[in-house]
Each structure stands twice: as C-alpha cells, then as structure tokens.
Amino acid sequence: MSYNHEQIEKKWQQYWADNKTFKTVNDESKPKFYALDMFPYPSGVGLHVGHPLGYIATDILSSFKRKQGYNVLHPMGWDAFGLPAEQYALDTGNDPAEFTAKNIATFKRQMNDLGFSYDWDREINTTDPKYYKWTQWIFIQLYKKGLAYVDEVAVNWCPALGTVLSNEEVIDGLSERGNHPVERRPMRQWVLKITEYADRLIEDLEDLDWPESLKEMQRNWIGRSEGANVTFQIEGTDKDFTVFTTRPDTLFGATYAVLAPEHKLVAQITTAEQQVAVDAYLDKVKTKSDLERTDLAKEKTGIFTGAYAINPVNGEKMPIWIADYVLATYGTGAIMAVPAHDERDYEFAKEFNLPIIPVLEGGNIEEEAFTGDGVHINSDFLNGLGKEDGIEKAIAWLVEKGVGEKKISYRLRDWLFSRQRYWGEPIPMIHWEDGTMTPVPEDELPLELPKADNIHPSGTGESPLANITDWVNVVDPKTGMKGRRETNTMPQWAGSCWYYLRYIDPDNDNMLIDPELAKRWLPVDIYVGGAEHAVLHLLYARFWHKVLYDLGVVPTKEPFQKLFNQGMILGEGHVKMSKSLGNVINPDDIVASHGADTLRLYEMFMGPLDASKEWTTNGVDGARRFLDRVWRLFMNEDGTLSAKVNGEEGGELEKVYHQTVKKVTEDYEHMRNNTAISQLMVFVNEANKVDRIPTKYAEGVVLLLSPIAPHIAEEIWQQLGHSETLTYAAWPTFDEAKLEDNEIEMVVQINGKVRAKLKVAKDITKDELEKVALADEKVQEHMAGKALVKLIAIPGKLVNIVIK
RNA sequence: GCCGAUGUGGCGGAAUUGGCAGACGCGUGCGACUCAAAAUCGCAUUCCUUUGGAGUGCCGGUUCGAUCCCGGCCAUCGGUACCA
C-alpha cells in the first residue's frame, strides 16, 4: 500500500504555516548558520525542475543544522526588476508591477508546495520601495566616495526603436525585436569604479571556501597584469602617446606602433597622403561587430597613418599604424609592436612586410614568433640579461629618462551601471539648471518609481521616465532653482548585490542593517547557485560588500564564506530542457503525481549536486518506490504505527543503524546527498528483513530522512507518538564502537589478485595475520611450487603475497 | 588557441592519505503471490572463448598493489578570447 502524498503534504504544509515553524528567532545561545540560495527572477512561466535543485540542497542543510542545535537563517526573496516584465508591459500595456506580483505569487505557491522551510517573514522583493530605498542609499554612498561617475560610453543604439539595447537583444547587428539596424553610439552613462577594488577582489579570494575553478575564473576575469607604460614621441611634432606593455625589456625589438582605431590621436597625426586610406579603414571597422573584429578575424588588417614614432631606447623611427586588433578599452589603446616575440604582432608584420628584429635568444623568427624565455640580444644595456632582470632594468632606465613607469593593467573594466529602462531602481540624482548635480537627500528616499500608463521609449535615448514630466522636473524649495531628475535606472544586478544583508534585518526603516545583527549573522555560511553567475553577480556583490565594509556597515570583508555551484538538470537524451523541444518538466506535475517528497528525493538522488544530470521518468518512479517502502516498513495499512516497531535498541539492526547515522550525517555536512540516500536505502533494505525495529532506530531513521522528505517524516514521527514537529528534534548520534564486529573479513591477494578471504579478529597483529594468510588452503594451492618474494600484511586492510 | 572540468556495466552513479572496482537506484531476466494482470516480495545481472582470463577513454611510468599519483594522447562539456 502506498501512502497518500496529497493528503499528508497538504496537512504538514498547513501545520508549518499555522505554527510559523520555520520562523527564525535570533537565539544567541546557539551557534548561527546562514544558508542562502541565489534568489530567482520570478518569470511568467513559473518554476522549472532545475530551479529546486539548489533550493533542496540548502533546505536539507538548514533542516539538518536546526536539528544539530544551530540557529538557522534560511530566507527567500525575489530579484524582480528586469527586462521581461518591461517587455511584457510594452507588449500588452499592463503594469509591470502587477505582472511581477502575479508571478511572485506563483513562484511562492510552487515553493510552498515543495515544502521548503523558509522564514517567509523575511521575504524580500527588490522592486519594493522599502527595499530599493536602501539600494538607492548605497548608490549615494558610492557617489559620495567617488566610486560612481558619469562617462561617455558606447552603447547599442537602435534608431528605429528609439532605444538602447542590451547585448542579448542584438543579434548579428540587428535588434531582436523588429530586426532593425543597431549602431554603437557614445552616450552619457553612470559607471561604477570597480577597478579601484581589483586588487582586493583578487587577494581576498584566498580565504574563501569556494571551488578553486571558480576562484580562477574570477582571477582571470579581473586579469591583473604587471608591466610598464612607455611614452613615445611622434617625429616632427610635440605630440606623444603612451603604450602599455608587459615586456618593456623587448623595447629594442619594437619596430612599429599600433593605435586602436578609436584612439584620439588618429585624427591628429594622419598625414595628408594617407588621409583617404585611413578614413576608408575607419569606416570599414565601424561596421564590424565586436565578433567580427575578434573571433572571426582570420587575417590582420590595418593601415599606415604616415606618421612615425621615435623609439626612446635607440632613437629609431617606428611607423605608426592603425589596426583593429588593438582595443581602445584595454591598457592605453596603443601598443608598441615587437613582432619577433609576440604572435599577433608577428602575423601583422608578416602581412604588411614590417621589420622583425629578434631581441631574445632562441626560436626562429623565420618561422614564428618566439614567446619563450631567452637571454637578451641586440639590446644594448640589456644584453645578456634574463627576462626578470631585463624587465627590471628596462623599467629603471625608463623611469630615469622620464619616458615610462611601472604600471599594472586590468582586463576588468568599470561597471556600466545605468540602463535606459523604466522597470528598475531610479538613480537618485538631480541635475540642476546651473550644471551642477546633487544626490536626492537621503531623508527623501526612497525615490519611488512613478506609476506610468505609457512606458514607451522616449526616442531620445533616455528612459521612458523622461516622458513623465511631473516626476522628472523638480524645483529646489529653498533656492527655487530648477532641476531635472536622472532618468536612467539601475541594472538588475543592483538589487541582487546586497539582498543577503536585508534578510538579516528585513524591516529596518532606519538603517540598511543593524550592526549587531550583521555581526551575528555574517558571513553567509553556504551560498548555492548556478555557475552562470561565477563572475558577474559574484564579483559585483563582493565589490559592494567591500564598499559597505569600508563604510563600517558590515563587519566582514567578504559576503559568502562558502559557495557551491549546483549543476544543471537536462532533458532525456542529455539535452537542455527548452520550450521549443517540448521537454520541460513542470514541478507542479511531479508534485501532483508523485509528491513533493519524491521530487526532492529524486533530484538529490540523481547524482552529485555539482554535476549535470539527465531527468528520467523511471528515476522518479524509483524514488517514489523507496518512500513507499519506508512507509510500509513503519506503518500499517490504516496509517497507524506497525507493531514491528517496538522495544529497546540493539538486536540485528544495531550495526547498520550506527553505520547509517554516521554516513548520513557526514554526507549531509558535505552536501553529498546522493550517497546519504543510498545509505538510507541500505538501512531500509536491512530493516525489511528483520522482525523487530527498535523504536529508537525508527525515530532516528525518520529524523535522518526528514531533511529530504519532510512531509512523510513528520507524519511517521507523529505516529511514533510525538505531538510536536520534528523540525527541532535532536539529530541522532552514533557509537563508533558499534560500527564493526569483532571479526572482520580480510582479503588475501597473490600478485595483486584477490585469491582468498579470511575471517580474522578485528585487532589481529601483523605476525598473526601473516601466519593465518599463509596457512589458508587456497593460498597454499596458488603458492605450490613458487618462491615467496615478498609479503605485505596490513591489519585492517589486506595481505598481499608476491610469488615467482 | 588558452583556461577549467569530466571520461567507470545496458543506464544514473558508488568507491580518496594508493588496498575486495561496480554500493544504491533504474532497466532487464527468472521465480513467488494471482484465475489473470498490476502492485508487492525473492533471486540474478561488468564482459569473454569460464578449472580461467580481461576490465574504470587510449598508450606508457612509479608501486607489492593504481579508478585514485606522474608523463603523453584522444573524446566530451563549460568558460573565455587578438588583453599588448
């Protein structure tokens, strides 16, 4: 007989809600544990079976820690600003706020159906003015610290739509909606100076308990490289330009220089003879997408400006070229080319017949660039030196002559923070008619997003907020000066940069977070989410946290002490689940047919949490079968407790029970939920073979199962005679002494192959073990006529006999 | 190209200071129960030419002993890119 999941799951969900079972009350007498999920964007399609994978894992950990006596914080909320709601509003004329609220209600209902143990009293929503009041407050602090500034940045401008598009809205140079041409156009944008924190963002990775591969990705993304800036005079003028190089020691091999097409000097230095050719080249580059300039470019392109630079070390003339392989956004937007020792410069020099002078020994410049380490040649005062010494001496020389300095460059760029959208946090700044700019006074926050009937693009590149005149225009009540509000809004990243702080103190109107509570709960003990957020979200959140640390708002340098990336759930055939393939599994269907406990169990049993796994219907059936077995083990058909469950501990199940408690406890601790489940299956298989299950073992196993399958566990727990929820029951313990018998089985190998198995005393000595092994009949058989070469006997492990 | 990860039965996956390869589940086969079927229970299930042999992507190395450590290669997945 199977249990009735619909009835039992509803019953306990109701009980938990009525009793506020999972409400987190600050309890200083207990150690704290903060388990956090990456909160979702509440889309219109609801939860997908991939979403709960991580949520189940943190829920298990939370449940486990509560029973181990921790004061657990396990909240959930909504990252609810974002493009889809705005697009929906544009398409249908509905209010994005209403649409979002509806989606949130669906997500919340689905999560509750899965039995998650969230403290909903701490629910947060990034679109709630009470929440974004503090997002805006953080922005003002960034501004006051000089970390938020306005700059002209090239964006994707679509003239036909009259709006700026994100990269993902542009496909092959055309707008995703309507296929209109898109061009790069510089516009006034807010930018956050994340580069100022680059070194700290690298250094502080050290102490974090994150996957090494993820730390490596962040380091590479920040891309710190040490080198030098070198200044080159332009022949026959008083102009100069600076290049960044990691190899100033190869300066004697620099035979030409290259400017990015966007470089400011291009217009000034191009000679009359070259003007037409240069203009043609610049035109060609403008039409190229980033992809064409980088990925797809098989051949180097470029054009000579007609101008020459002077190499400061030897006074040689170097032609100045323009090429799109040099990027305006990295370093100084200009390079010195050392074709003998750089592959890109080598290709370019070959293409345009520029001289190649080797300055490092080794390699063959007839065939390819030599990028290895070698002794310097053709380099005057650097000759004979190795790489390290050469760099050091070259920089010293540059500094002495006043033409260069040591310099560190980052691949990381400052964070483009404004969006020309309606559905985002308004940036709380006012531009005054006298040209000055001030933040909205902090006591006037939140600066609420105005209700709008029409959120169509302004057409000027400004956000739809520009159309709402009584919101945009302001007058200073003291001076009478007129002003205009900033119409840009913040990107979706903003709200998700600090939400983990607000859960700690969600209703505080006076400050972002109470410092005492921050001290109590930070850092987050476990943060689980998808690997797609490996760089951007995790880097932005770390950046804001560090700024808040500098402001004294938070007491820790880092927000997330431990991080875990869950894998993906794929459709059958190991393909992504997608609407177009029609293979999307809706958790609601599984909850209805098999129950939430089954879904939770199955998702955890599929394989390691961090792996990509394939969804199979047979697997779900198997998970349900196990819960049915559990139910039948403890319960009668009428839902009362089986008579098998009785009496004192001990008996046939003693060993397997203690093994199970040990293994499951250790596995939960390390989020190895798949193997914890197999151990529970082993116990259930054993328990089915015996006539009596000691009551204490039954209770223990129900507790061990409860983090994964909380509803069925509560129901059995109640039938075991408990009137209270098992949420805060004490976690079962095990006794090391009961894990093993006095007699253990040991293996005898001959030449590495298992030939015999022996039953021996647990504490057998090495000598005795050798004797017993050699005396064994099968061993004797194999050894007949052979000479003993070596005998390895390790009590508790094995015996290996080497013969010849 | 570079960086990272992974590779184990028919399938998902177990096995870590180097010590019995294949736990647990799925599937399959056989049996019990049943008028019959489903459900349930029990047994079996890496492969082969089976007194034995081979086997954790492939080739080699270290070791008494390698899924695990080292070197080389192949494949798949993810990230990323003229970063000077």
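A, B, ... follow the sequence lines: proteins, then strands. Residue 1 opens every chain.
- Taking a 6.0 Å sphere around CD of A:E686, one finds it holds more than 12 heavy atoms contributed by other residues, nucleotides or ligands.
- Atom CG in A:D324 sits roughly 9 Å away from atom C1' in B:C82 (whole-Å rounding).
- B:A44 sits 16 Å from B:C26 when the P atoms are compared, rounded to a whole Å.
- The closest side-chain heavy-atom distance from A:F232 to A:T242 is not below 4.5 Å.
- Rounded to a whole angstrom, the distance from the P atom of B:U8 to that of B:G61 is 24 Å.
- Of the candidate nucleotides B:C83, B:C20, B:G12, B:G12 has the atom nearest to the side chain of A:F605.
- For the pair A:V682 and A:I792, nearest-nucleotide mapping onto RNA chain B gives the more 5' position to A:V682.
- The shortest distance between the side-chain N/O atoms of A:S225 and the OP1/OP2 oxygens of B:A84 is below 4.0 Å.
- Of the listed nucleotides (B:C24, B:A84, B:G19), B:A84 has the atom at the smallest distance from the side chain of A:R344.
- B:G18 and B:C70 are spaced 11 Å apart, taking the P atom of each and rounding to whole Å.
- Here B:A66 presents its C1' atom at 13 Å from CG of A:L798, a figure rounded to the nearest Å.
- In this structure, the separation between CZ on A:F241 and CG on A:L259 is 5.5 Å, given to the nearest 0.5 Å.
- Between the OH atom of A:Y256 and the C1' atom of B:A84 there is a distance of 11 Å, rounded to whole Å.
- Only the C1' atoms considered, B:C58 is 24 Å distant from B:C3, to the nearest whole Å.
- Residue contacts for A:T332: at a heavy-atom cut-off of 4.0 Å it reaches no nucleic acid atom on any strand shown.
- Residue A:M681 places its side chain closer to B:G25 than to any other of B:C82, B:C64, B:G25.
- Among the heavy atoms of the strands lying under 4.0 Å from A:N674 are primed sugar atoms or P, OP1, OP2 only; no base atom is included.
- Of the candidate nucleotides B:C20, B:C26, B:G79, B:G79 has the atom nearest to the side chain of A:M217.
- There is a side-chain donor-acceptor pair under 3.5 Å between A:R629 and A:N685.
- As judged by a 4.0 angstrom heavy-atom cut-off over every strand, A:G622 is placed among residues touching the sugar-phosphate backbone only.
- With rounding to whole Å, A:D667 atom CG is found 14 Å from B:G13 atom C1'.
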- 5' to 3', nucleotides 1-10 of chain B under a 4.0 Å protein heavy-atom cut-off (B base, S sugar-phosphate only, - none) gives --SS------

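- Here, B:U28 and B:C33 have their P atoms 22 Å apart, quoted to the whole Å.
- Within the 4.0 angstrom heavy-atom criterion, no nucleotide atom of any strand lies near A:D342.
- In this entry the distance linking CD of A:E637 with P of B:U40 reads 14 Å, nearest Å.
- No hydrogens or angles considered: nothing links the side chains of A:T231 and A:D240 as a donor-acceptor pair under 3.5 Å.
- Side-chain contact of A:S225 with A:Y330: a donor-acceptor pair under 3.5 Å is present, judged by distance alone.
- Of the candidates B:A84, B:G13, B:U80, the closest approach to any side-chain atom of A:W221 belongs to B:U80.
- Nucleotides B:G71 and B:C77, compared at atom P, are 25 Å apart to the nearest Å.
- Protein atom CG of A:D621 is 12 Å distant from nucleotide atom C1' of B:G27, rounded to whole Å.
- Using modelled atom types, no side-chain atom of A:R692 and backbone atom of A:A643 make a donor-acceptor pair closer than 3.5 Å.
- For the pair A:K300 and A:F348, the NZ or CZ position fails the cation-pi test of under 6.0 Å to the six-membered ring centre and within 45 degrees of the ring normal.
- Per the geometry, CG belonging to A:L536 stands 12 Å off C1' belonging to B:U80, to the nearest Å.
- By the 4.0 Å N-to-carboxylate-O rule, A:R224 lies close enough to A:E226 to be salt-bridged with it.
- With hydrogens and angles left out, the side-chain atoms of A:R413 and A:T329 include a donor and acceptor closer than 3.5 Å.
- Nucleotides B:C11 and B:G27 place their C1' atoms 7 Å apart, quoted to the nearest Å.
- Taking only side-chain nitrogens and oxygens, A:R672 never comes nearer than 4.0 Å to OP1 or OP2 of B:A14.
- Because its glycosidic torsion is more than 90° from 0, B:G72 is reported here as anti.
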- Determine, stepwise, if the pair A:Y602 / A:W615 fulfils ring pair (Phe, Tyr, Trp, His ring centres under 6.0 Å). CA-CA 9 Å; A:Y602 175 58; A:W615 183 275; 5.0 Å; yes

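- By the 30° and 60° cut-offs, the orientation of the rings of A:W493 relative to A:H537 is parallel.
- Picking from B:U80, B:C82, B:G19 the nucleotide with the shortest atom distance to the side chain of A:Q749 gives B:G19.
- Along RNA chain B, the nucleotide closest to A:N688 and the one closest to A:G331 are compared, and the more 5′ of them pairs with A:N688.
- Legend: residues meeting salt bridge (Lys or Arg N to Asp or Glu O under 4.0 Å) with A:K655, ordered by chain and number and at least two apart, are A:D741.
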- Item | Dot-bracket line, read 5' to 3' along RNA chain B, where crossing pairs take [ ] and | marks a partner on another strand, Watson-Crick or G-U under 3.5 Å | (((((((..(((......[....)))((((((.......))))))(((...)))..(((((..]....))))))))))))....

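- Across all strands shown, A:N685 has heavy atoms under 4.0 Å from sugar-phosphate atoms exclusively, and none from any base.
- Listed pair A:R411 / B:U80 fails the phosphate criterion, with no side-chain N or O lying under 4.0 Å from OP1 or OP2.
- The listed nucleotides are B:C83, B:U40, B:C82; the one nearest the side chain of A:R625 is B:U40.
- Ranking B:A84, B:C64, B:A14 by closeness to the A:N800 side chain, first place goes to B:C64.
- At whole-Å resolution of the value, CD in A:Q679 and P in B:A23 are 14 Å apart.
- For the pair A:R629 and B:C41, the criterion of a side-chain N or O lying under 4.0 Å from OP1 or OP2 is met.
- With P as the reference atom, B:A36 and B:G31 are 13 Å apart, rounded to whole Å.
- At the heavy-atom level, A:L791 lies nowhere under 4.0 Å from the strands shown.
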